[in-house]
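In what follows, every heavy atom counts, from backbone to side chain, and hydrogens, waters and symmetry copies are set aside.
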Amino acid sequence: MASVTLKKNYRSVQSLQQFYTGGPFAVSSDGSFLVCACNETIKIVDSSNASIKSTIEGDSEPVTALALSPDDKFLFSSGHSRQIRGHEGPVMGMACDASGGLLATAGADRKVLVWDVDGGFCTHFFKGHKGVVTSIMFHPDPSRLILFSGGDDATVRVWNLATKKCIATLDKHFSTVTSMAVVNLWDLHDYKCKVTVPTYEGLEAVCAIPSSSFLASCLDKLQHRKKSSSSVIYFFTVGERGIVRLWNSEGAVCIFEQKASDVTVKSDDEDLKRGFTAAVMLPLDQGLLCVTADQQFLFYSLADGEGCLNITISKRLVGYNEEIVDMKFLGEEEQFLAVATSVEQASCSTFPCAVKAFIVRVYDLASMSCSYVLAGHTDIVLCLDTCVSISGRTLIVTGSKDNSIRLWEAESTRCIGVGLGHMEAVGAVAFSKKRRNFVVSGSSDRTLKVWSLDSLSDDMEQSTNLKAKAVVAAHDKDINSLAIAPNDSFVCSGSQDRTACVWRLPDLVSVVVLRGHKRGIWSVEFSPVDQCVITASGDKTIKIWAISDGSCLKTFEGHTSSVYRASFLTRGTQFVSCGADGLVKLWTVQTNECIATYDQHEDKVIFFCSLRSLQVWALAVGKKTEILATGGSDAVINLWHDSTAADKEEAFLKEVRHLTCSSSTKSMLSEMLDDENLLCIQMKDHINLLVMQEEGVLRGQELENAVSDADYAKAIQLAFELRRPHKLFELFAELCRLVIIFLKREAEVQVDKALHELGKEEFRLLLEYVREWNTKPKLCHIAQFVLFRVFNILPPTEILEIRGVGELLEGLIPYCQRHFSRIDRLERSTFLLDYTLMGMSVIEPEIEERELKEVPEMQADTTGAVQEPSWAEPDVDKEQKHTIDEVNEPDVDKEQKQTIDEVNERSSSKKRKSNKSRDVAYKKVKGAGQAKVSAISSEA
């Protein structure tokens, strides 16, 4: 047997992350990337493979509008935080003119503003809409200075930028009617409605096809026209029905309509938003881009085929996934990935009645595009498995909470078989590994079923009911996982009853029970080469068992929470695991060693404030390629490739560079550089680069030494020289903490000392860093601390001499005003908290000075006469009072001391007391007054 090379490391080379949560988006001028709103952030996505090229952090407010300049050099965005000062509410739409010099904004405050992009000032201010302005666009001809705006007042207004007036109001539209919708075509010469096209659908987007495009010429041929006349307009419409339709303005005729919807349609459930929400024509005749209500981007390619127009999906990018429950590689070459999520759909064309359907998405790993969707289950899909049958068909089996299993054919995306019989959710399914003619399922009803696939034929068109040829009550609790041996002789089941059982196929006869786990078993798998089984459990351990006698051979510990999946690698010599701690671990069986741990998944933010604990539910291993795929509660799919060979090569090159640039050869290299006859120019540049890299490393080590020695002044200077803004922020944050929390004066001295040594160029660079920090609420307090120190050191005359200081201050002032307003609101909110706590008697108000003054007067009375409290009887004369004082003087002194102690204790501690304690103190003092009155009565 050939020796096996163990894997040392994996790298996450591809990742399918959420990049769109609904709302605005923009397409680049060449269609190469998309700009999408994702909660409060902005994602720049490569349209070829859905990879995120860049992320722009927001300010904790959802993004409401996006726009790209025609040359894709500038991105304009706005959110609920009202960052555009001219508007009194959120900006709902943006548009940039063809030259890129003007930006138009439409606001919820019914205003339309036009801005000079270079100068940053408002050039036009338009009012006239009676409702929220939702859409805006410039005339496509840059020579015509015309702006169009539409609002929810059912009007479209035309603004002349030259005269700064509204030159027309297009008001043929009415309030929304749910059963019918129309498209109006207007003549821009006299602003009259030429054609009204009834579409009988709630529309979300209308896309006109340019007359000069290739598609328009194809349509002319199909319509038997010699040339597209200026009076004929072709346009697409999309809406709530989820279909694409193509119209001809001449005669208001629909010349193309999709026969079946590629997305879900509107259901009776109002919580389910279905159909299309937006559409745009892609540049350079690349087709049509439609956006669905469940955050999918559908790229349609348009072609002229055999006398008819063909519109097909060329790519489907999924902007948002729910939790990843299970996944498996698909196909002979494992180029596809089937993913089960908790995504819910309403009925589609396959299911005409309005029922909910839960789907399985199949992704092409080359483009990370969703190739097709399998919809049919009426509840969440919990598990799946894949195989290639003996006849060559690619099959997928799924189990769901609807108590059924479904068998799918990948090529036709049809459901060819349904297995009914389980009484509860199906939590595990597995294909036959050798003969591939049966499926085993395990359910929460604690039973195992073996389903025969012999009745299925290759040419069948209708789905058939699968027959169970064996059933057994396998466990005392839910069955979580199934695995079939490579030779189809055994099946192993793992359950919440903390046991795993091995059964002989096909009759499901018990062979051995594996006992030893302290909590439920989530995953089981047979070794590809040995007679053993690996199990992963909620007790944070992984165990390997012998099938012959059920003994535990090895136990692996390392996860800090439940282990959900464990799968063999490298012909059974290694395995990979994942769990509820969000970690993926690579293990070696022989040494019981975890050789690598990966933390690529991140916590998922829900409702902007609370964090859901991260769990990696799904793990798939390619049996041929041994590529790993992981997914979990963060809705992210990561693909991992073996990087052992690449790491060795990088380590070798690093060692070569180190030897080339060692201190012993550095002087020799410098001498060689002086002799042009020894080295060519290219070699000299390479050696110079190596020398600079070593100097950078040495300076970096010097910076770390300064930080460890608490020499912050030197560390700040080095951070400036090395251009490390993140390290600079950490240094200022530490100094700010020392100054504010520990009140250390020497920290302020070090800050001032470091800032005094900076030149004007360094101050400019520092202000640029501060401007960036000041835009983020989490970092703004450090930015304000640095600004305060800078303005204390530099006089105004020197600040004005800094190059570009005006632009820097313009970027600082708006955010400073917002931070001040936020702190002011927070301080005023605390007053309400104090008032509420005082009203609830959780804390007591401060003792008034009047009450504290009464106590010393009582102590200063040497004759023993005590001032009567306000609740004493008013008709007692002085003589009687003096007599009572002489008789009851010891009692009065005792009560007086008790009262004084209570008052002093309350005034000094000011701690919380209950209502009961105050009532008791009140009754004691009042009781003393009543005792005096009763004594007077008895004396009389």
Side-chain angles (χ1 to χ4, degrees), residues 10-21 38-39 50-52 295 318-329 337-344 358-363 365 368 370 380-385 398-401 427-428 480-481 494 519-525 536-540 542 558-567 569 575-587 594 596-607 610-622 627-641:
Y10 270 85
R11 288 183 187 175
S12 178
V13 294
Q14 280 180 290
S15 181
L16 181 60
Q17 304 178 32
Q18 60 179 16
F19 60 83
Y20 181 65
T21 55
C38 185
N39 291 326
S51 62
I52 297 178
Q295 295 86 41
V318 179
Y320 181 79
N321 272 314
E322 294 291 340
E323 288 190 3
I324 309 299
V325 182
D326 198 5
M327 62 174 66
K328 288 291 188 298
F329 286 99
L337 184 68
V339 179
T341 71
S342 55
V343 174
E344 176 182 336
F358 290 79
I359 64 173
V360 174
R361 287 172 172 157
V362 179
Y363 290 91
L365 297 182
M368 295 306 287
C370 180
I380 296 175
V381 180
L382 297 176
C383 55
L384 60 87
D385 197 10
T398 56
S400 168
K401 275 190 176 182
N480 295 328
S481 181
R519 291 194 177 181
I521 296 175
W522 287 103
S523 173
V524 295
E525 184 176 304
S537 169
D539 61 5
K540 312 176 188 178
I542 303 165
H559 282 279
T560 59
S561 190
S562 299
V563 187
Y564 289 142
R565 291 288 186 272
S567 187
L569 289 171
F575 68 90
V576 63
S577 63
C578 63
D581 52 7
L583 303 178
V584 179
K585 289 179 176 287
L586 178 63
W587 307 78
C594 175
T597 300
Y598 311 103
D599 187 9
Q600 192 72 12
H601 290 271
E602 298 178 355
D603 288 346
K604 182 178 179 181
V605 180
I606 303 175
F607 301 126
S610 61
L611 288 177
R612 178 183 297 180
S613 59
L614 173 62
Q615 297 177 334
V616 181
W617 289 104
L619 171 66
V621 178
I627 298 175
L628 308 182
T630 57
S633 60
D634 58 354
V636 174
I637 299 173
N638 288 322
L639 296 180
W640 308 78
H641 289 259

Side-chain heavy atoms of [X] within contact of [Y], under 4.5 Å:
X: Y10; Y: V576; value: no
X: L337; Y: F329; value: yes
X: I627; Y: L365; value: no
X: S481; Y: I521; value: no
X: F358; Y: K401; value: no
X: I542; Y: W587; value: yes

Okay, side chain of [X], backbone of [Y]: is any donor-acceptor separation there less than 3.5 Å?
X: D326; Y: A340; answer: no
X: Q18; Y: C38; answer: no
X: T341; Y: I324; answer: no
X: N638; Y: T630; answer: no
X: S400; Y: I380; answer: yes
X: T560; Y: D581; answer: no

From [X] atom [atom1] to [Y] atom [atom2], the distance as rounded to the nearest 0.5 Å:
X: T398; Y: I359; atom1: OG1; atom2: CD1; answer: 12.0 Å
X: K540; Y: S561; atom1: NZ; atom2: OG; answer: 6.5 Å
X: S15; Y: L639; atom1: OG; atom2: CG; answer: 8.0 Å
X: W522; Y: N480; atom1: CH2; atom2: CG; answer: 5.0 Å
X: E525; Y: F575; atom1: CD; atom2: CZ; answer: 11.0 Å
X: W640; Y: L619; atom1: CH2; atom2: CG; answer: 10.5 Å

Closest non-hydrogen atom pair between [X] and [Y], with its separation:
X: C578; Y: V584; result: CB-CG2, 4.2 Å
X: V616; Y: Y564; result: O-CD1, 3.5 Å
X: S537; Y: G520; result: OG-O, 3.0 Å
X: R361; Y: Y320; result: NH1-O, 3.7 Å
X: A536; Y: R565; result: CB-C, 4.3 Å
X: L384; Y: M327; result: CD1-C, 4.0 Å

* To do: Go through the steps to decide whether Y598 and L586 satisfy the test side-chain contact (heavy atoms from CB on, under 4.5 Å), and finish with yes or no.
  => CA-CA 9 Å; Y598 311 103; L586 178 63; 4.2 Å; yes
* To do: Mind running side-chain contact (heavy atoms from CB on, under 4.5 Å) on W617 and V325 for me, showing each step along the way?
  => CA-CA 6 Å; W617 289 104; V325 182; 5.7 Å; no
* Asked: When you look at NZ of K585, are more than 12 heavy atoms from neighbouring residues, nucleotides or ligands closer to it than 6.0 Å?
  -> yes
* Asked: Should the heavy atoms of other residues, nucleotides or ligands under 6.0 Å from CZ of R519 be counted, would the total exceed 12?
  -> no
* side-chain contact (heavy atoms from CB on, under 4.5 Å) evaluation trace for T597 with H559 -> CA-CA 10 Å; T597 300; H559 282 279; over 6 Å; no
